[in-house]
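Everything below concerns the one structure shown next.
Here is how names work: the chains are called A, B, and so on, in the same order as the sequence lines, proteins then strands, and each is numbered from 1.
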Amino acid sequence: MVDFANKEERNKYRHSTSHIMAQAIKRLWPETKLAIGPAIDDGFYYDFDRDEAFSSEDLKKIEDEMKRIVKENLPIERFELPRAEARKLMEEKGEPYKVELIDDLPEDAVISFYKQGEFTDLCAGPHMESTGEIRAFKLLSCAGAYWRGSEKNKMLQRIYGTSFPDKEQLKAFVAAREEALKRDHNKLGRELEYFTTVDYIGQGLPILLPKGARVIQLLQRWVEDVEQKNGCLLTKTPYFAKRDLYRISGHWDHYRDGMFIMGDADDESKECFALRPMTCPFQYQVFLTRQRSYRDLPMRLTETSTLFRNEDSGEMHGLIRVRQFTISEGHYIIRPDQLEQEFANCLELAKYFLGTVGLLEDCTFRFSQWDPSNPKNKYEGTKEQWEESQAAMKKILDDLGLEYTVGIDEAAFYGPKLDIQYKNVFGKEDTLVTIQIDMLLAEKFGMEYIDKDGQKKLPYIIHRTSLGCFERTLAYLIEKYAGCLPLWMAPEQVRILPIADAHLDRAFEIRDALRAKGIRAEVDDRSEKLGKKIREANINKVIYMFTVGDKEVEEGNVSVRSRFEGDLGSMSIDQISSKLLEEIETKKAVKQ
RNA sequence: GCCAAUGUGGCUCAGGGGUAGAGCAAUUCACUCGUAAUGAAUAGGUCGUGGGUUCGAUUCCCACCAUUGGCUCCA
């Protein structure tokens, strides 16, 4: 019996399932070339090179063949070969990708193979004892994937699948997956009218509808307010600038493909502008307006910044990945001795924001480092400068006792990052918040301050977001709360349901009284039955419903119904508004 | 950008070489209703866009646009 709670055991089980899939495919289409096929978090995949694309019918065929292989209960045997023989074996089997893998193995590597029946695969293992041990599996999807993850290489076909020790667990996994997809912000956010897209506006350019715009507005006001209390200075800088600015910052060299450029980038005789992909070079100008002293530091500049990035066409996803977005961005210009304290301050602030909206518990931290061997001219600066900034960040993170993973080649072009990561309903991870150390750009812009000793010195800069990008955050909030946001950020906090048309006047009176208190209220003024109005208020994820009929008009009350607690009985307007206002003021969490 | 799938009234979907249907939503009318769907009627689509094949295309072919899942990239 396999211990599925143990990650190694689980991975072994699923890795063996991927070999069974590869074997099935080789039986069905022997000309298919094998690439790699590891276990992943929720299952496994295997990459194949085959001229024809795998269809959904093919997946069924493959599953059937896999069942046969399981039934055959083939023993899985490991053996080793010296390099030359290993290479020869894979050449004979017509597996060029495997040959390439062998050639790239370190000289002293043990080259092992796993054999099950007629199928032999180059593999480090470990594996199960026999194919019969695999009890329940399912192939989930096909996708393209570059050989060795490089877009310069051929695109292979990847088949994703998963497996479990029994059918029940597999069923539960599939059910949970379907349940998660119901929270998909891209579907729910459109249904609930948070946002929409229009073909002729363009990809990655969503329209925030009144409800979505409202949520973002209140998040933004809250963030700006808290930041101000935290000593931040709000700026408003232009949305675009001449290419000269980006030349200094390095964006022109390292980020031009990601920018929307207005005018001919290559014609030096003409003016050329670009929309800003980041706010850094603009905000530095604030520091540069006059001579600065060490007393001016830290200078915590923040801006609610709309940014423009020309993402490749296949990258866009709902509100999570867009071409225009608004971010709570900031640049802390600091003395080197203030680095640790200011970094900790940024992290605390981000944790406060994420914790309050309820996302922090599902976040993970990633220390994003440079990759000196990155072939694409991605990074600015020298090896020494990178080693210094990364060592500084490592020390800070370790001193703070933060648990994090390391992401190689995930750094910004000017420095290492602490990325706070979040996963969407498909399990895809993106950055929600980032805090970055930059020891390069101050020098490029000639940003100096006069230190105590009268000497000119270069400041450090922390680039940071606090609640990150509002569009993306909204997307995750919709997914986290399945569309029903906590009361304090709900676009519609109360829906008033008059029983009959005779109660309409009173309903509007109540609405206006609530609005006067700052509560977002609407009236369902249709001539429908109460049951229908409640049903639709629930579908629309409204938390509080106030029923108004003869009794309520007479008493001057409303009957309160909560989405979560059901009928709460009759209350006066003052009574219920105080309850609501307290819930709003304290930013109370809701059930999910 | 790359691999693949998809695109039929606001939404969910059926259909299919001879110019289109259902449910929900919408509108109107009747009902004036007490805690998750009242009934009836009406209106709404050049079948994503542009080419091509054909006597004839929404259906077949090509290109483009958009959407979806991945890859690469990234907040």
Side-chain angles (χ1 to χ4, degrees), chain A residues 45 47 52-56 140-160 181 184 186-187 190-191 193 196-204 255 257-258 277-278 305 307 309-323 325-329 368 376 378 409-410 412 417 419-422 426-434 436 463-465 467-473 497-504 526-539 545-552 559-563 566-568:
Chain A
Y45 67 79
D47 288 346
E52 218 173 309
F54 291 111
S55 65
S56 46
L140 300 169
S141 61
C142 300
Y146 296 108
W147 165 237
R148 305 198 127 180
S150 168
E151 62 195 332
K152 292 199 183 98
N153 292 336
K154 183 168 183 185
M155 179 150 283
L156 308 174
Q157 294 185 65
R158 175 171 299 178
I159 300 179
Y160 285 95
L181 294 190
D184 178 6
N186 208 359
K187 197 167 157 43
R190 289 172 198 271
E191 274 169 19
E193 300 189 324
T196 189
T197 48
V198 175
D199 282 7
Y200 39 81
I201 288 182
Q203 267 193 311
Y255 206 81
D257 287 347
M278 301 177 195
S305 241
L307 303 180
R309 296 187 186 177
N310 193 4
E311 303 288 351
D312 287 342
S313 63
E315 312 291 2
M316 264 66 75
H317 175 68
L319 290 179
I320 289 179
R321 192 80 181 272
V322 291
R323 281 182 167 146
F325 54 95
T326 300
I327 194 162
S328 61
E329 208 182 5
S368 297
K376 282 177 275 187
K378 181 177 168 183
D409 203 22
E410 299 284 356
K417 310 191 284 178
D419 290 322
I420 305 182
Q421 302 291 104
Y422 201 85
F426 296 101
K428 172 149 171 109
E429 184 181 281
D430 274 293
T431 301
L432 192 45
V433 161
T434 181
Q436 313 168 350
H463 303 234
R464 47 111 269 190
T465 65
L467 189 53
C469 160
F470 291 105
E471 291 83 351
R472 184 175 282 184
T473 301
L497 313 177
I499 300 265
D501 291 352
H503 313 115
L504 272 174
R526 300 169 306 165
S527 301
E528 294 290 350
K529 290 170 93 167
L530 183 62
K532 179 157 186 167
K533 293 183 182 181
I534 290 174
R535 180 181 150 79
E536 291 188 6
N538 271 305
I539 290 170
M545 288 154 261
F546 292 181
T547 305
V548 182
D550 286 343
K551 191 167 70 97
E552 288 79 7
S559 287
V560 179
R561 184 191 164 95
S562 151
R563 174 186 175 79
D567 197 345
L568 298 179

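Nucleotide B/rU12: paired with B/rA22 (Watson-Crick or G-U wobble, both distances less than 3.5 Å). Base pairing of B/rG39 is made with B/rC29, judged by Watson-Crick or G-U wobble geometry with both donor-acceptor distances under 3.5 Å.
Contacts of A/Gly549 with the nucleic acid, taken as non-hydrogen atoms under 4.0 Å apart, include base atoms. Using a 4.0 Å heavy-atom cutoff across all strands shown, A/Lys154 reaches no nucleic acid atom at all. Note on A/Asp550: a base of the nucleic acid sits closer than 4.0 angstrom, heavy atoms only. Across all strands shown, A/Glu410 has no heavy atoms under 4.0 Å from either base or sugar-phosphate atoms.
With rounding to whole Å, A/Gln203 atom CD is found 7 Å from B/rA66 atom C1'. Between A/Gln157 atom CD and B/rC2 atom C1' the separation is 13 Å, expressed in whole Å. One can place CD1 of A/Ile499 at 8 Å from P of B/rU35, the figure rounded to the nearest angstrom.
Side-chain proximity of A/Arg472 to the nucleotides B/rG1, B/rU38, B/rA75 is greatest for B/rA75. The nucleotide whose nearest atom lies closest to any side-chain atom of A/Glu528 is, among B/rC74, B/rA36, B/rU38, B/rU38. Which of B/rU67, B/rA36, B/rU38 sits closest to the side chain of A/Lys529 comes down to B/rU38. Taking only side-chain atoms of A/Lys551, from C-beta outward, the nucleotide of B/rU38, B/rC33, B/rG34 with the closest atom is B/rG34. Counting only heavy atoms from C-beta on, A/Ser527 has its side chain closest to B/rC33 among B/rA75, B/rC33, B/rU38.
For B/rC73, its base never sits under 3.5 Å from the side chain of A/Arg309 at any donor and acceptor pair.
In this structure, A/Phe325 forms an aromatic stack with the base of B/rA75, since both conditions hold: centre separation below 5.5 Å and plane angle below 30°.
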